[in-house]
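The next block holds one structure in the form of structure tokens; read it before the comments.
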Amino acid sequence: MNEPTLSTRYDPTEVEERWYQRWQDAGLFQPEHRPSERRYCITIPPPNVTGSLHMGHALCYTIQDVLGRWKRMQGFETLILPGTDHAGIATQKVVESQLRQEGLTRHELGREGFVERVWKWKEESGGMILKQFKRLGFAFDWSRERFTMDPHYHDAVLRVFLDWYDRGLIYRGKRVINWDPGLRTSVSDIEVSDEVRQGKLYHIRYPFADGNGYLVVATTRPETMLADVAVAVHPRDKRYRGMAGKRVHLPLTGRTIPVIEDEYPDPEFGTGAVKITPAHDANDFEVGVRMGLDFNAPDQVPTCIDEDARVVAPNTPYHGLHRFEARKRIVADLEAEGLLERVEEHEVALKIADRSGEVIEPLLSEQWFCSMKPLAEPAIQAVKEGRIRFTPSRYADVYLDWMENIRDWCLSRQLWWGHRIPVYYTEDGIAIPAMNEAEAREKAGGADVTQDPDVLDTWFSSALWPFATLGWPDETEDLRRYYPTDVLVTARDIIYLWVARMVMDGLDQMKEIPFRDVYVYATVLAEDGKRMSKSLGTGVDPLEYINRFGADAMRFSLLVQTGMNQEIRFGEGPIQEARNFCNKIWNAARFALMHIGDKQLEEPPRSALEIEDRWILDRLNETIEAVGDALSRYHMMDATKRLYEFFWSEFCDWYIEACKRRLDGAEGDVPRWVLATCLERCCRLMQPFMPHITEEVWHRLPGVSQDSHLVYADWPSPEPAWQDAEARETFGMLQELVRAARNLRQEFGISPKETLPALYAQGLAESSADLVASLARFESIEAGAPTTPHVSAVAVGVDLHLPIEGLMDVEAEIKRLSAQLEKRGKELDEMMKRLSNPMFVERAKPEVVVAARAAAEQLRSEIE
RNA sequence: GGGCGAAUAGCUCAGCGGUAGAGCGCCUCCCUUACAAGGAGGAUGUCGGGGGUUCAAAUCCCUCUUCGCCCACCA
């Protein structure tokens, strides 16, 4: 036996840093390291360049790293391509707030100066998150890192825009859009959340122009009435029959507006009469369209709120007031004029901008839009025909539902950071699409042109990620080799924002799907089931856990909770367990290595194997299959749980304990070979999940060359010769026996450390006696029953008798026996009840009946 | 309003048609020469409620309740 050379506790920090460095130095993460005709590629979701690592990231990218490492071991030429997203709004906000601290605004710097400043920020402090990724051991090809504003990527973005522009898919138009007055930009529908807040519903009288009474409208935003163009009622609402065509005075303005009929008002709500403000409400806009209004004519479609959410109403006392101030003044004035009928408490559904938290102000403005229906059609087919598969499959419905009801996408953002819209205007306002200013000027016949000030929605560029990162529009070698990619691993909340758009863009530009599989992983929630959020203080920092427990433990603890579920509650428990598991691996390795030494052993002949050898090899086989199967289903929980169970409960608790008695001397070579084999296969099987500790252990095994890497070891396959149903059954029975014997000892207060002289067993095969004696701590197992006083138990048809002279508590023993008898009797009754039911015997599957009969027989013999 | 998920041991969750499982926690014993971040043994459940299908239901169907999420709408 060798002296222990490894410390009794596993210290991840040193090991993890050392190996990550070595892997990188050896260029292992680049597909060029081992070319193959079989290829596997993931272009990882680019985190925001402003981002820092949170649990959701840790899980998302760990899953992808596992898949990549697994495929690499299977011999695939594997590219996992990392990068970051320029994240227009988020990044602009970060730099603007830096400027604010310096007492500057972006306007003082000017557009060019500001953008330059953002690039400087990006070079210095952007992409922190990718450095944090390395702490988790991700085997990504850093030499191919991409950014959504790389010059080449920028060209790709413009090219798609111009292509769609030429095909008439992109158009400019006036619409009511979601305006974020804080960030002073439009945002798309899916970047806005609903929030119900307590507010008020104001009932306002609009007097008829003919002086005959009034009509009452209900509104939550009285300040918008300054831009009303009509009052709408439902055509079937009896209360307003015949009123269409009449005119009403619009209070506070001196204007009159018509009463119209439209399907839009809900007679059940409010008064059934709705004021129509096409410039400041999306529904009212639609009504305005039906009214045939000209949205370019200010007298037909007045506006009353500007981009700072201030009221625009020259020559009124409200001009220049903030929207909420104006609301108070207007309500007070209406009341003074006796036009405020009443005010109700009302739960108001507000639209809140996700990025800024500001209340959205719907504004009529000129924006760029993209028609989505033509793009969506092929993307719907791809999923319906199964060319793209969702896991779990239910998300396909979510995707299809959105796609089938898709609306046009507002592409323009009033920001400075991003891909500027490649459209230029002559002095006469003629729009010229072009890749750059020179081209535009040329097209304009040399005239001066100015570029559209807006930039594209960030998602416009991320939608190209799977092919623009590989070099498109150039026909690069990477593009040819790795597109389409294999899988997209993503969170539920960006199925619309990103997944759907990548599918559309991939099919449209590449004429091929961007990825075959979409795996939607669970949302990581705080322990109490609430969303993890920095601002709420409910977030936990993965880096802190990595420091405390190690990257392998961090990875394992997330994976073991990730199946087909849609959420994970993350507490400290699982990661402690995972850390303990690492420690267990470490110590089992210490034990095995101590005995194996540095001699590489040959596989012994089958006949030399004992029952425990045969059993553990059979279990190893089964584990190899189960883990591979789980991975191919993206079922991380199944894979990791099986590994945990095999290594800890089967290999450590049973095999190692069972083989100890045989480790001395020459015949010890057999269990030594088994130990080495199991340990080596486990390293390979666990490498994708826990790459550092497995690599460290693997390199201490005899026969492993120092310049080889577990990262590129072969993924294990089951050995047909190890399949052994008989060993499984026999060893299972021995386990039962050992448990029964240990239980007897414990119940009679016999110390676990004390080795007793003999246990009597009736019906135990002689060849198994040694094993049972060793595991249950007896010097020997004798056949038959002792003549001295003893206690008995029965397990798997074997009677066990433990001599216990002078120690027996008669009463306790009787109590124990009768309790056991009662339990078995109940089980037997249950079984007999089923068997005596003729319907059961007749209709159940034959093997079930046979099994039930056998179980009954077993119970009966135990009772006797 | 439409849809999706969840409800199983004190806690976190597996199981998804054939006698209720794991980890943590709990109780008892043990520092047994790999590991106390460990070992051995043990206790613990009307599988959310109610119907139905079936020889057999935690598992399939219907319904209700409670949580969570998504979409649409809310003057």
Side-chain angles (χ1 to χ4, degrees), chain A residues 1 4 6 8-10 190 194 196 201-202 217-221 224 231-232 264-266 269-277 281 283-284 346-349 392 394-395 397-398 401-402 405 492-493 495-496 523 525 527 529-531 549 560-561 563-571 573-574 576-577 579-595 637-638 641 644-645 648-649 652-653 656-657 660 738-739 742-747 749-755 775-777 826-827 830-831 834 837-845 847-849 851-852 855 859:
Chain A
M1 194 193 285
L6 310 178
T8 154
R9 283 203 182 180
Y10 173 61
I190 39 186
D194 295 326
V196 175
L201 185 62
Y202 303 89
V217 302
T219 180
T220 54
R221 296 192 301 149
T224 63
V231 171
Y264 165 59
D266 172 8
F269 187 89
T271 63
V274 187
K275 59 191 247 1
I276 300 299
T277 322
D281 183 282
N283 288 304
D284 293 7
H346 182 63
E347 287 193 339
V348 185
R394 62 184 123 96
Y395 290 111
D397 294 332
V398 175
D401 189 53
W402 188 74
N405 298 297
R492 199 159 15 117
D493 52 358
I495 291 176
Y496 309 136
T523 308
L525 302 176
E527 205 166 8
K530 300 262 167 55
R531 243 195 149 67
F549 301 107
V560 82
Q561 299 179 79
M564 292 300 125
N565 45 330
Q566 71 175 25
E567 57 192 49
I568 292 172
R569 297 187 177 196
F570 196 91
Q576 280 174 4
E577 271 173 54
R579 185 267 321 265
N580 293 354
F581 185 43
C582 289
N583 201 233
K584 189 72 179 179
I585 294 169
W586 188 247
N587 280 294
R590 281 177 63 219
F591 175 83
L593 292 167
M594 224 153 61
H595 288 90
M637 182 191 280
D638 283 359
K641 279 195 166 172
Y644 185 94
E645 193 198 356
W648 200 315
S649 310
C652 292
D653 289 353
I656 288 185
E657 293 308 319
K660 275 179 178 170
V738 170
R739 282 197 194 100
R742 283 171 176 167
N743 179 245
L744 266 183
R745 296 176 53 121
Q746 166 109 7
E747 285 197 61
I750 296 158
S751 160
K753 67 182 169 188
E754 194 176 343
T755 301
L775 290 176
R777 290 200 166 246
K826 252 166 79 181
E827 283 173 27
E830 186 65 33
M831 208 48 86
R834 290 175 69 188
N837 179 348
M839 296 301 275
F840 173 71
V841 178
E842 197 180 310
R843 318 225 349 208
K845 279 182 262 164
E847 62 268 28
V848 176
V849 179
L859 287 167

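Atom set for the values below is all heavy atoms of this structure, side chains included, hydrogens, waters and symmetry mates excluded.
Closest contact between the side chain of A:D653 and the listed nucleotides B:rG39, B:rG38, B:rA34 involves B:rG39. With B:rG23, B:rC13, B:rA34 as the candidates, the nucleotide lying closest to the side chain of A:K641 is B:rC13. Of the listed nucleotides (B:rC70, B:rG68, B:rC73), B:rC70 has the atom at the smallest distance from the side chain of A:Y496. Checking B:rU12, B:rG42, B:rC35 against the side-chain heavy atoms of A:N743 singles out B:rG42 as nearest. Distances were taken from every side-chain heavy atom of A:R569 (C-beta onward) to each of B:rC35, B:rU12, B:rG41; the shortest belongs to B:rU12. Proximity note for A:E567 (side chain, C-beta onward) versus B:rG68, B:rC69, B:rC35: the nearest is B:rG68.
Residue A:C582 is out of contact with every strand shown, counting any heavy-atom pair closer than 4.0 Å. Within the nucleic acid shown, A:F581 has no heavy atom closer than 4.0 Å to any nucleic acid atom. Using a 4.0 Å heavy-atom criterion, one finds that A:D266 contacts the bases of the nucleic acid, with or without backbone contacts as well. Within 4.0 Å (heavy atoms only), A:R745 reaches no atom of the nucleic acid at all. Nucleic acid contact for A:R221: none, since no nucleic acid atom lies under 4.0 Å from a heavy atom of the residue. Heavy atoms of A:Y264 sit under 4.0 angstrom from primed sugar atoms or phosphate atoms, though from no base atom. Counting non-hydrogen atoms under 4.0 angstrom, A:I656 reaches a base of the nucleic acid. Residue contacts shown for A:R579 include a base, since a base heavy atom lies under 4.0 Å away. At a threshold of 4.0 angstrom between heavy atoms, the contacts of A:E577 are confined to the sugar-phosphate backbone, with no base atom among them.
Going from atom NZ of A:K660 over to atom CZ of A:F591 covers 5.0 Å, rounded to the nearest 0.5 Å. The CZ atom of A:F549 lies 9.0 Å from the CG atom of A:N580; values are rounded to the nearest 0.5 Å. One distance of note links CG of A:D653 with NZ of A:K584; it measures 5.5 Å at 0.5 Å rounding. Expressed to the nearest 0.5 Å, how far CZ of A:R492 lies from OG1 of A:T523 amounts to 3.5 Å. One finds the CD1 atom of A:I568 at 8.5 Å from the CG atom of A:L525 (value rounded to the nearest 0.5 Å). Interatomic distance, CG of A:L593 versus CH2 of A:W586, reported as 9.0 Å (0.5 Å rounding).
Comparing B:rU59 with B:rG51, their P atoms are spaced 13 Å from each other, to the whole Å. Spacing between B:rC24 and B:rA37 at atom P, rounded to whole Å, works out to 13 Å. Spacing of C1' atoms, B:rA20 relative to B:rU8, comes out at 9 Å, to the nearest Å. Spacing of C1' atoms, B:rG18 relative to B:rA57, comes out at 10 Å, to the nearest Å. Distance check on atom P: B:rG5 versus B:rG15 gives 14 Å, rounded to whole Å. Comparing the P positions of B:rC47 and B:rG3 gives an interatomic distance of 29 Å, to the nearest angstrom. B:rC30 and B:rA36 have their C1' atoms separated by 10 Å, with the value rounded to a whole Å. Rounded to whole Å, the P atom of B:rG49 lies 23 Å from the corresponding atom of B:rU54.
Relative orientation of the A:F581 and A:W648 rings is parallel, given thresholds of 30° and 60° on the angle between their planes.
Per the geometry, CD belonging to A:E657 stands 12 Å off C1' belonging to B:rU33, to the nearest Å. Protein atom CD of A:E645 is 14 Å distant from nucleotide atom P of B:rG21, rounded to whole Å. When rounded to the nearest whole Å, the span between CG of A:N583 and C1' of B:rG38 equals 9 Å. Nucleotide B:rG38 holds its C1' atom 15 Å from the CD1 atom of A:I585, rounded to whole Å. Distance A:Q746 CD to B:rU32 C1': 14 Å, rounded to the nearest Å. Rounding to whole angstrom units, CG of residue A:L593 and P of B:rC35 are separated by 14 Å. In this structure, A:R492 places its CZ atom 12 Å from P of B:rG5, rounding to the nearest Å. One interatomic measurement links the two molecules: CG of A:D638 to P of B:rC13, which rounds to 16 Å at whole-angstrom precision.
For A:V217 and A:Q576, each mapped to the nucleotide of RNA chain B holding its nearest heavy atom, the one lying further toward the 5' end belongs to A:Q576. Taking the nucleotide of RNA chain B with the nearest heavy atom to each of A:P265 and A:Q561, the more 5' of the two is matched to A:Q561.
Taking a pair as Watson-Crick or G-U wobble with both distances under 3.5 Å, RNA chain B forms stems of 3 or more consecutive pairs at B:1-7 with B:65-71, B:10-13 with B:21-24, B:26-30 with B:38-42, B:48-52 with B:60-64.
The side chain of A:W648 places an N or O atom within less than 4.0 Å of a non-bridging phosphate oxygen (OP1 or OP2) of B:rG39. When the side-chain nitrogen and oxygen atoms of A:K584 are compared with OP1 and OP2 of B:rG39, one or more of them lie within a distance under 4.0 Å. Phosphate contact (OP1/OP2 of B:rC13, side-chain N/O of A:N565, threshold under 4.0 Å): absent. Contact annotation: A:R9 reaches the phosphate of B:rA37 (side-chain N/O to OP1 or OP2, under 4.0 Å).
A:D281 is listed as a side-chain neighbour of A:R221, based on a closest heavy-atom distance under 4.5 Å. At least one side-chain heavy atom of A:V274 sits less than 4.5 Å from a side-chain heavy atom of A:Y264.
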### Message
Applying side chain to side chain contact (heavy atoms under 4.5 Å, CB included) to A:V560 and A:Y644, what does each step give before you reach the verdict?
### Response
CA-CA 9 Å; A:V560 82; A:Y644 185 94; 5.9 Å; no
